Amino acid sequence: MLNEVKKRNRKVFEALFRDYYPHLIRYAEGFVFEKQACEDIVQSLFIHFWESCGKIDIETSIKAYFYQSVRNRCLNHLRDLQIYDRHKLLYLEAAMNDDDSPDWADPDISVKIQEAIEKLPPRMAELFKQKYFEGKKYYELANLYGISENTVKTQLQRAKEKLRTILLDSTSLKFFL
């Protein structure tokens with residue numbers, strides 16, 4: 001069959017597509033839990049197979065090649081998702097640690113952070129907002145609430161940890177944990 005596809009036999013290619021496509025989708029769903037992404041992965045495999053079949057050297061069977069290729073593409077997709085979510089998380093942490101800049105540049109992140117802050121205990125949420133959105137200093141917050149600066153720092157650190165957990169749970173990284 002590979003030789004026929006290398007000869008650009010469209011009917012053989014279409015038969016391979018019809019036979020393997022639904023099975024490869026189900027296989028991809030075992031790695032990636034989003035149907036559209038699975039369909040995109042399998043379609044891109046078939047496009048690559050058609051465009052590059054002259055260069056492809058299959059040492060096993062076409063079936064084994066397809067399944068191994070889908071597996072690798074799914075793992076690459078998951079790696080890319082993790083990198084994207086990790087960058088968002090690193091951005092969030094950098095923004096929370098930047099005392100000079102209470103503004104959030106990315107509106108998507110801002111919405112997720114606002115939703116996560118609402119899940120914090122009320123006092124912790126207020127401290128967090130006043131520190132990172134209003135730019136108040138530790139000593140100002142300590143005087144305002146009648147607590148020590150160390151208590152303010154501890155509460156803010158706990159808030160960051162809770163937000164990190166909440167935000168991780170709301171992203172696709174939950175599939176890696």
Side-chain angles (χ1 to χ4, degrees), residues 1-98 101-120 128 132-133 159-177:
M1 282 209 203
L2 179 62
N3 288 333
E4 287 299 313
V5 174
K6 284 183 178 184
K7 294 177 188 175
R8 311 305 276 173
N9 186 330
R10 179 169 262 175
K11 290 187 190 264
V12 172
F13 177 78
E14 289 172 358
L16 286 171
F17 183 84
R18 264 191 324 275
D19 292 344
Y20 286 103
Y21 183 79
H23 301 289
L24 292 172
I25 295 291
R26 281 195 297 282
Y27 181 66
E29 288 173 339
F31 295 95
V32 180
F33 304 105
E34 184 183 339
K35 185 150 180 83
Q36 185 61 51
C38 294
E39 290 173 358
D40 292 345
I41 288 167
V42 175
Q43 286 175 3
S44 72
L45 164 66
F46 277 101
I47 290 168
H48 172 76
F49 181 70
W50 178 253
E51 291 176 347
S52 305
C53 64
K55 302 173 194 167
I56 295 173
D57 184 29
I58 298 176
E59 296 177 10
T60 56
S61 66
I62 290 178
K63 179 180 179 178
Y65 171 79
F66 283 159
Y67 278 89
Q68 185 65 39
S69 295
V70 167
R71 178 185 173 275
N72 291 341
R73 287 169 185 266
C74 286
L75 294 176
N76 289 343
H77 175 77
L78 292 172
R79 180 201 62 214
D80 294 344
L81 280 179
Q82 184 178 18
I83 289 170
Y84 175 73
D85 287 340
R86 280 270 182 234
H87 281 131
K88 279 191 163 185
L89 198 59
L90 290 172
Y91 175 81
L92 164 66
E93 289 179 4
M96 287 192 306
N97 289 325
D98 185 2
S101 178
D103 299 325
W104 304 99
D106 187 330
D108 265 357
I109 293 175
S110 181
V111 168
K112 287 203 183 282
I113 291 170
Q114 290 293 346
E115 290 170 355
I117 290 171
E118 290 173 17
K119 295 178 182 176
L120 294 174
F128 187 87
Y132 296 106
F133 294 114
K160 288 180 191 179
E161 289 168 7
K162 285 179 185 262
L163 288 172
R164 187 176 300 115
T165 301
I166 291 166
L167 291 167
L168 275 174
D169 286 345
S170 70
T171 66
S172 58
L173 282 177
K174 62 186 165 197
F175 296 119
F176 300 103
L177 301 176

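Quantities reported herein were computed from a predicted structural model and do not represent experimental measurements.
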Separation of [Y] [atom2] from [X] [atom1] (nearest 0.5 Å):
X	Y	atom1	atom2	answer
Lys63	Leu24	NZ	CG	10.0 Å
Leu16	Lys11	CG	NZ	14.0 Å
Ile117	Phe128	CD1	CZ	4.5 Å
Glu34	Glu39	CD	CD	10.0 Å
Glu51	Ile56	CD	CD1	10.0 Å
Phe17	Arg10	CZ	CZ	12.0 Å

Atom of [X], atom of [Y] and distance for their closest heavy-atom approach:
X	Y	value
Asp19	His23	O-CD2, 2.9 Å
Cys74	Phe31	CB-CB, 3.6 Å
Ser44	Ile41	OG-O, 2.8 Å
Tyr65	Thr60	N-OG1, 4.2 Å
Val70	Tyr27	CG1-CD2, 3.8 Å
Cys53	Lys6	O-CE, 3.1 Å

Parallel, tilted or perpendicular, as decided by the 30° and 60° cut-offs, for the rings of Phe49 and Phe13: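 Parallel, since the angle between the ring planes stays under 30°.
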Aromatic ring pairing Phe66/Tyr20, orientation class (parallel under 30°, perpendicular over 60°, tilted between):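 If you compare the ring of Phe66 with that of Tyr20, the planes turn out perpendicular.
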Side-chain donor or acceptor of Ser52 paired with backbone N/O of Lys55 under 3.5 Å: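 No; judged by distance alone, with no hydrogens or angles, the pair does not exist.
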Arg73 (side chain) donor-acceptor with Cys38 (main chain) under 3.5 angstrom: no
Short side-chain donor-acceptor distance under 3.5 Å, Tyr21 and Gln43: yes
Residue pair Lys7, Glu4: steps toward the salt bridge (charged side-chain N to carboxylate O under 4.0 Å, His left out) verdict: CA-CA 5 Å; Lys7 294 177 188 175; Glu4 287 299 313; 3.7 Å; yes
